2 protein chains.
Amino acid sequence: MSTETPAAGAASGARSLAHPAREDIRLAQVLHALADPMRLRIVCALAAADGELNCADIELPVSKSTCTHHFRVLRENGVITQFYRGTAKMNGLRRDDLDALFPGLIDAVLRAAGLQARHLGEH
Amino acid sequence: MSTETPAAGAASGARSLAHPAREDIRLAQVLHALADPMRLRIVCALAAADGELNCADIELPVSKSTCTHHFRVLRENGVITQFYRGTAKMNGLRRDDLDALFPGLIDAVLRAAGLQARHLGEH
DNA sequence: CTCATTGTACGAGAACCATCGTAGTTTGAC
DNA sequence: GTCAAACTACGATGGTTCTCGTACAATGAG
């Protein structure tokens with residue numbers, strides 16, 4: 001339907017993605033975004049990579065559409081940035097913004113995730 | 001269903017409430033418990049009081065049954081302890097357990113909540 | 001152009017959650 | 001015993017989330 005949707009992407013080619021501004025990031029929403037095992041895994045992988053990661057580089061035991069869903073939740077709640085590079089969509093943690101807003105929070109969550117993974121892994 | 005006081009309920013009269021053991025507390029569940037504005041408020045109030053607080057001492061803009069619900073979510077996910085004293089139900093943050101499991105997490109969340117409240121409050 | 005890669009959109013279904021009101025239970029005080 | 005206070009249990013409702021499959025769109029390579 002509709003007329004071919006030239007859409008808001010006035011720019012040439014590059015598909016653009018909406019991100020909340022730093023001042024629009026809310027603690028409860030960040031916590032909600034992190035409160036899911038899949039998304040916690042994504043965030044840990046992103047933090048470990050310390051840079052850009054392709055969506056497909058993070059292996060998750062869910063379908064592709066579910067994957068898209070989780071990445072979107074993280075982006076819309078201000079936890080990650082996403083941008084296109086060719087056919088790939090790259091992801092990065094918004095460390096600067098999160099550290100500025102909630103000092104120490106992301107570090108604590110990452111450390112906690114690591115500790116819990118170790119505890120549950122070893123016996 | 002009908003758990004019927006599985007644990008220490010042997011004592012006379014005192015209604016007992018089920019709490020997860022320290023090693024059963026999961027990061028994702030704690031984050032989920034904290035990822036709600038009402039519950040964040042409860043936790044902040046509890047931390048500020050630094051002791052036991054009556055359920056009714058924490059004013060929330062929701063009905064009493066909803067209040068019960070939120071307190072239960074916090075308790076069942078290991079964030080708070082609850083016990084009866086007369087007709088009142090007292091609440092306390094499980095700081096020891098949480099700090100042992102996830103060092104710095106609760107502090108970071110509390111500080112973040114305070115910062116955000118200040119930012120949103122002032123103009 | 002054609003093709004493979006990569007990710008999205010759109011339903012859809014099941015499960016979960018926040019909220020409420022009403023009725024009931026437990027306790028301490030009178 | 002009676003009563004008020006404090007909280008719970010239950011059922012309902014409306015919203016959100018997680019998951020999926022299938023069909024589609026954008027890009028770069030051949």
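Note that the structure is predicted; figures quoted are calculated from it, not measured. Lettering follows sequence order; numbering is per chain, from 1.
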Just how far, in rounded Å, is C1' of D/dC7 from CZ of B/R85? 16 Å
Rounded to whole Å, please give me the gap between CG in B/L17 and P in D/dA6. 18 Å
A/L60 atom CG is separated from D/dC20 atom P, nearest whole Å, by 11 Å
Restricting to salt bridge (charged side-chain N to carboxylate O under 4.0 Å, His left out), what partner residues turn up for B/D107, sequence neighbours left out? B/R95
What is the distance from CD of B/Q82 to P of D/dA6, rounded to the nearest Å? 16 Å
Between D/dA9 atom P and B/F71 atom CZ, what is the distance in whole Å? 15 Å
Quickly work out the B/D57 CG to D/dC7 C1' distance and round it to whole Å. 14 Å
Test side-chain hydrogen bond (donor to acceptor under 3.5 Å, both in side chains) applied to A/R26 - qualifying residues, sequence neighbours left out: none
B/N54 side-chain N/O to D/dA5 phosphate OP1/OP2 under 4.0 Å: no
Results of side-chain contact (heavy atoms from CB on, under 4.5 Å) for A/E52 - residues two or more places apart only: A/F83, A/R85, A/M90
From CD1 of B/I58 across to P of D/dA6 the rounded distance in Å is 14 Å
If you count the non-hydrogen atoms of other residues, nucleotides and ligands that lie under 6.0 Å from CD in A/E59, is the total more than 12? no
Rounded to whole Å, how long is the line connecting atom CZ of B/R72 with atom C1' of D/dC7? 11 Å
If you check every side-chain atom of A/T68, which of D/dT27, C/dG7, D/dA5 has the closest atom? C/dG7
Checking A/S63 now: which residues fulfil side-chain contact (heavy atoms from CB on, under 4.5 Å) with it, not counting sequence neighbours? A/S65, A/T66
Linked hydrophobic residues, A/V73 as query - side chain contacts closer than 4.5 Å: none
Protein within reach of the bases, or only the backbone? For nucleotides 17-22 of chain C, mark each nucleotide 5' to 3' as B, S or -, using heavy atoms under 4.0 Å. SBBBBB
